[in-house]
Enquirer: 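Supplied in structure tokens, the structure appears directly below.
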Amino acid sequence: MDRHDRAARRARLRLIGIGGVAGAVIAVGGVAVVRGMSDDGKDGKPAASPTATASTGPATSASPSATKTLTPNTAKPVHLNKPTGQKDGASIGFPRFGFGAMSAAVYRLDELSVLDDDMVRRQLAVTTAKGSEASIDKAVSEVRKLRETVGLPSSGGTPAGMTISTNVDAAQAWALDDDGLVINVWMHYSRTATLPKAASDDSPLKNQLADVVLIWEDGDWKITTDPKWVAKRFTPAPYNPDSPTSLKDGWLVVIRD
């Protein structure tokens, strides 16, 4: 391995090592775009009692005795709604009802750029609600700080040959209003980063939590940073795919058809 390859590998390891920040980075600027849960709920309870909607909660008609042993891995998974289109790198066109809000959150976290500040701006411009646009500049600023942290110029695209992949494997969603028009979605995800001519990532970022507050606006789900709704965000129980408690809390495995 030559000096360039070693330097590239160190950059990748630094990136993945602060991947929790990279995933939360955009959220710190965007408040609820992809925010980690470390500053939430000291007692692990919801900040406000959320209201379950058709897009949330374990979807099962099992008997009470069977429910005790069901887990996210054994319960019926959520088949996410596919977007009807793409605009500036962001999936658009999710339904209002069913699992529309959860689907929007999952697809967009999967595709959200981690290192390309211009792409992040374009993606968030498409997916941010009216009145929350100031969060976009903050998000871009955080991405630029992250780039500098891993030794890149403050502005630019993802380095040639580097692939950063995010995968959400479970989620839960709860309404923050009575009409189901404002939804808080929490997601459990992993992130990997690979370089050209390198083996698959042997140190992926795993077991990460992120959330987003979405509001139904102009026929799609949009990110809102309205303090009225952000204050009602809740903190879920830790996700464990083999735990009945996780299923009871609302965690569901998500599948993209």
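These numbers were taken from a predicted model, which means no experiment stands behind them.
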Enquirer: Where do Gln123 and Ser113 land on the side-chain hydrogen bond (donor to acceptor under 3.5 Å, both in side chains) test, with the steps shown first?
Expert: CA-CA 8 Å; Gln123 288 174 316; Ser113 180; 5.1 Å; no

Enquirer: Parallel, tilted or perpendicular for Phe94 and Tyr107, by the 30°/60° rule?
Expert: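 It falls in the tilted class, 30° to 60°.
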
Enquirer: Between Asp118 and Arg122, is there a salt bridge with N-O shorter than 4.0 Å?
Expert: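 Looking at Asp118 together with Arg122, the answer is yes, because their closest N to O distance falls below 4.0 Å.
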
Enquirer: List the atom of Ser243, the atom of Pro72, and the distance in Å for their closest heavy-atom pair.
Expert: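 Answer, listing the atom of Ser243 first, then Pro72: O-CD, 3.3 Å.
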
Enquirer: Kindly indicate whether the side chain of Ile223, heavy atoms from C-beta on, has any atom under 4.5 Å from the side chain of Leu214.
Expert: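 Counting from C-beta outward, Ile223 and Leu214 do come under 4.5 Å.
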
Enquirer: Hey, is the main chain of Pro244 close enough, under 3.5 Å, to the side chain of Thr69 for a donor-acceptor pair?
Expert: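 Pair absent, no side-chain N/O of Thr69 close to backbone of Pro244.
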
Enquirer: Do Asn167 and Ser165 have side-chain heavy atoms sitting under 4.5 Å apart?
Expert: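 Side-chain contact under 4.5 Å: no.
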
Enquirer: Could you check Tyr239 against Trp251 for ring-ring contact (aromatic ring centres under 6.0 Å, His included), going step by step and ending with a plain yes or no?
Expert: CA-CA 7 Å; Tyr239 174 65; Trp251 284 110; 5.3 Å; yes

Enquirer: Test Asp116 against Arg147 for salt bridge (Lys or Arg N to Asp or Glu O under 4.0 Å), laying out the working first.
Expert: CA-CA 9 Å; Asp116 188 328; Arg147 289 178 58 84; over 6 Å; no

Enquirer: Check Glu111 against Gln86 and note the closest heavy-atom contact, atom names and distance.
Expert: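 Looks like OE1-NE2, 3.3 Å.
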
Enquirer: Check this for me, if you would: do Lys145 and Glu148 make a salt bridge, where the nitrogen-to-carboxylate-oxygen distance has to be below 4.0 angstrom?
Expert: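 Looking at Lys145 and Glu148, the cut-off is not met.
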
Enquirer: What are the two closest non-hydrogen atoms of Trp221 and Ala104, and how far apart are they?
Expert: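 Answer, listing the atom of Trp221 first, then Ala104: CB-CB, 4.1 Å.
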
Enquirer: Taking the side chain as C-beta and beyond, is there a heavy-atom pair between Trp229 and Asp177 under 4.5 Å?
Expert: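 A side-chain contact under 4.5 Å exists here.
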
Enquirer: I'd like to check Val213 versus Leu176 (side-chain heavy atoms, cut-off strictly below 4.5 Å). Are they in contact?
Expert: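 Yes - at least one pair of side-chain heavy atoms lies under 4.5 Å apart.
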
Enquirer: State which residues pass salt bridge (Lys or Arg N to Asp or Glu O under 4.0 Å) with Glu217; sequence neighbours excluded, sorted by chain then number.
Expert: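 Per chain and number, Glu217 pairs via salt bridge (Lys or Arg N to Asp or Glu O under 4.0 Å) with Lys130.
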
Enquirer: Which heavy atom of Ala171 sits nearest to which heavy atom of Met187, and what is that distance?
Expert: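 Between these two residues, the closest heavy atoms are CB-CG, 4.1 Å.
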
